[in-house]
Amino acid sequence: MKGKKIKILSIYALVFSLLPLATLIPTFLGVTLTNGIQTAWAGANIFFVLVGFVLSIICVRHAENRRMLNILSTIISIFWLLLMAGIIAFAVLLTFKS
């Protein structure tokens, strides 16, 4: 029973880790979003990345649960977190430079 719960959590972690890629759909379709929708989408992406990261860490915490799916979702979540941290650091740097 516990293994089944971890497997379901692993799938959720991967889905939440991949949901920020949905941001590219309007770009590929050539759709321009309003500022309010862009802000809401950015907030949703932050939420998805954090939830995906937390679920990934929960799944990878024990050695017997370390499967390729868990490791992949953890790597994707860490990539998104580093990307967000870099964007924030760049914005702060530009703010103080000007």
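Remember, it's a predicted structure, so these values are computed and weren't measured experimentally.
Using a 30° and 60° split on the angle between ring planes, Phe48 and Phe16 fall in the tilted class, from 30° to 60°.
In this structure the side chain of Leu50 reaches within 4.5 angstrom of the side chain of Leu81, judged on heavy atoms. Between Leu14 and Ile76 there is a side-chain heavy-atom pair separated by less than 4.5 Å. Counting heavy atoms from C-beta on, the side chains of Leu18 and Leu21 come closer than 4.5 Å.
Across Pro26 and Ala22, no two heavy atoms sit closer than the pair CD-O, 3.6 Å.
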Query raised in the report: Are Val31 and Leu33 close enough, and set up right, to give a side-chain contact (heavy atoms from CB on, under 4.5 Å), and what steps lead you there?
Result: CA-CA 6 Å; Val31 176; Leu33 302 175; 4.2 Å; yes
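The hydrophobic cluster containing Leu69 also contains Phe53, counting ILVMFWY residues as joined when their side-chain heavy atoms lie under 4.5 angstrom apart, directly or transitively. Cluster annotation: Val15 and Val60 are assigned to distinct hydrophobic clusters (Ile/Leu/Val/Met/Phe/Trp/Tyr, side-chain heavy-atom contacts under 4.5 Å, transitive). Ile46 is connected to Leu24 through a chain of hydrophobic side-chain contacts under 4.5 Å among Ile, Leu, Val, Met, Phe, Trp and Tyr, so both are in one cluster. Using a 4.5 Å cut-off between side-chain heavy atoms of Ile, Leu, Val, Met, Phe, Trp and Tyr, with links allowed through other members, Tyr12 and Ile71 fall into different hydrophobic clusters. Residues Trp41 and Phe28 fall into different hydrophobic clusters, defined by Ile, Leu, Val, Met, Phe, Trp and Tyr side chains chained together at heavy-atom separations under 4.5 Å.
For the atom pair CZ (Phe79) and CE (Met84), the distance works out to 11.0 Å, reported to the nearest 0.5 Å. Summarising the geometry, atom CG belonging to Asn70 is positioned 10.0 Å from atom CD1 belonging to Ile57; distances are rounded to the nearest 0.5 Å. Atom-to-atom distance recorded for Leu72:CG and Ile75:CD1 is 6.5 Å, nearest 0.5 angstrom. Atom CZ in Arg66 sits 12.0 Å away from atom SG in Cys59 (nearest 0.5 Å).
Looking only at atom types and distance, the side chain of Ser56 has a donor-acceptor partner in the side chain of Ser73 under 3.5 Å away. Residues Asn45 and Thr23 have side chains that bring a donor and an acceptor to within less than 3.5 angstrom of each other.
In this structure, Trp80 contributes its side chain and Pro20 its backbone to no donor-acceptor pair below 3.5 Å.
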